[in-house]
Amino acid sequence: MRSLNMAIEALANIIIANKEKLTEIDAAIGDADHGINMARGFEAVRAKVAANTNDDIGAVLKMVGVTLISTVGGASGPLYGTAFMRAALAAQGKKTVDGELAEKMFAAAIAGIKERGKAVRGEKTMLDALEPAYDALTQGLASRKSLAECLEMASSAALAGVEYTKTIIATKGRASYLGERSLGHQDAGATSSYLMLTVLAEIAQNLGREE
Ligand code: ADP
Ligand code: MG
């Protein structure tokens, strides 16, 4: 439970620490609130997790999802909320995460975002960080790398995905109103996804060292 709570806190901390940066990115091609939205949601998550005594990963991720849906305004709340709720379903009753479970949770999260947002890769959204990250994770697992290494690969792939969003036109979300003017700017949601993946990679590395 301690490492579970710490993992969720670390996710909350990175988003809260990047509140201004994410908002600035959203200011260029959106409505300048992504950092504000996400930080509000993760402040609420952080408060709840501080009191958490449940060690069921599914139950805790469900709490995260419900909290994000109910506190984050904007498109990203329901999308990330759904992602956490779907990952929660895959992790129901589990107390530890191995490669196989991580892959399942990640796949479920992405499927949830796609259903909810009706977006696909290449539309300048969080999916442009998440899908390449998932591909990197599955490739790493297939070549028998440790979960920590796979998450590191996933995080690098997500960063490449963020860079890629600068080169494409937004066709979903508010940035799509700008058409070609969205070129040259990175997507805010892809950036927050990348930040969360860097934290997950770090957590896996630290847990690996403790063993
Ligand atoms: P809003 O766009 O309502 O102001 P946010 O600023 O919090 O909400 O979040 C914007 C981010 O949400 C975008 O940068 C993009 O990554 C993501 N997003 C928007 N619409 C979709 C969608 N249909 N599918 C996937 N992601 C989306
Ligand atoms: Mg916005």
Side-chain angles (χ1 to χ4, degrees), residues 11-46 64-88 105-136 154-200:
L11 280 181
N13 289 342
I14 191 108
I15 293 298
I16 293 163
N18 284 279
K19 178 177 169 178
E20 262 92 60
K21 188 183 162 195
L22 291 170
T23 292
E24 246 170 60
I25 293 168
D26 193 33
I29 51 171
D31 57 351
D33 65 355
H34 187 58
I36 297 165
N37 289 339
M38 294 291 286
R40 185 190 308 118
F42 275 100
E43 291 277 10
V45 166
R46 196 161 64 173
V64 174
V66 169
T67 306
L68 293 180
I69 289 176
S70 60
T71 58
V72 179
S76 58
L79 292 167
Y80 276 126
T82 304
F84 278 95
M85 304 262 279
R86 293 291 180 89
M105 289 161 70
F106 203 172
I110 290 175
I113 292 172
K114 289 174 106 168
E115 268 172 46
R116 184 104 202 191
K118 308 263 177 289
V120 294
R121 199 165 164 172
E123 294 193 283
K124 203 176 179 104
T125 71
M126 53 181 75
L127 289 169
D128 294 312
L130 293 171
E131 287 213 309
Y134 173 76
D135 292 346
S155 150
S156 301
L159 180 58
V162 169
E163 288 300 313
Y164 167 66
T165 62
K166 293 181 184 168
T167 70
I168 55 176
I169 294 171
T171 48
K172 282 281 172 345
R174 285 179 195 279
S176 66
Y177 309 152
L178 293 180
E180 296 222 334
R181 278 183 293 143
S182 67
L183 274 176
H185 301 282
Q186 77 195 62
D187 176 62
T191 311
S192 54
S193 287
Y194 158 67
L195 290 173
M196 285 192 256
L197 280 161
T198 62
V199 166
L200 294 178

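Every heavy atom of this structure was used, including side-chain atoms; hydrogens, water molecules and symmetry mates were not. Counting starts at 1 for both ligands and their atoms, in listed order. This one's a predicted model, so the numbers in the text were calculated from it and none came from an experiment.
One finds no salt bridge joining Glu123 and Lys118 here, because no Lys/Arg side-chain nitrogen approaches an Asp/Glu carboxylate oxygen to under 4.0 Å.
Residues Ser192 and Met126 are not in side-chain contact: their nearest non-hydrogen atoms beyond the backbone lie 4.5 Å or more apart. Two residues are said to be in side-chain contact when any heavy atoms from C-beta on lie closer than 4.5 Å; Leu130 and Phe106 meet this criterion. Between Val45 and Leu68, the closest side-chain pair of non-hydrogen atoms falls below 4.5 Å.
Remark: Lys19 NZ is loosely packed, at most 12 non-hydrogen atoms of other residues, nucleotides or ligands lying under 6.0 Å away.
Enumerated by chain and number, the residues approaching ligand 1 to less than 4.0 Å through a heavy atom are Asp26, Asp31, Asp33, His34, Asn37, Gly74, Ala75, Ser76, Leu79, Gly117, Ala119, Thr125, Met126, Lys172, Gly173, Arg174, Asp187, Ala188, Gly189, Ala190.
Of the possible donor and acceptor atoms, none in the side chain of Ser193 sits under 3.5 Å from a partner among the backbone N and O of Ala129.
Partner of Arg174 under the side chain to side chain donor-acceptor pair (under 3.5 Å) criterion, out of Asp26, Asp33, Asp31: Asp31 alone.
Listed by chain and number, the protein atoms of type N/O/S under 2.8 Å from the Mg ion (ligand 2) are Asp26 OD2, Asp31 OD1, Asp33 OD1; waters are omitted.
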- request: Just do the salt bridge (charged side-chain N to carboxylate O under 4.0 Å, His left out) check on Glu43 and Arg46 with the steps written out, would you?
  value: CA-CA 5 Å; Glu43 291 277 10; Arg46 196 161 64 173; 3.2 Å; yes
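Put simply, CG on Leu11 and CG on Leu200 are 5.0 Å apart, with the number rounded to the nearest 0.5 Å.
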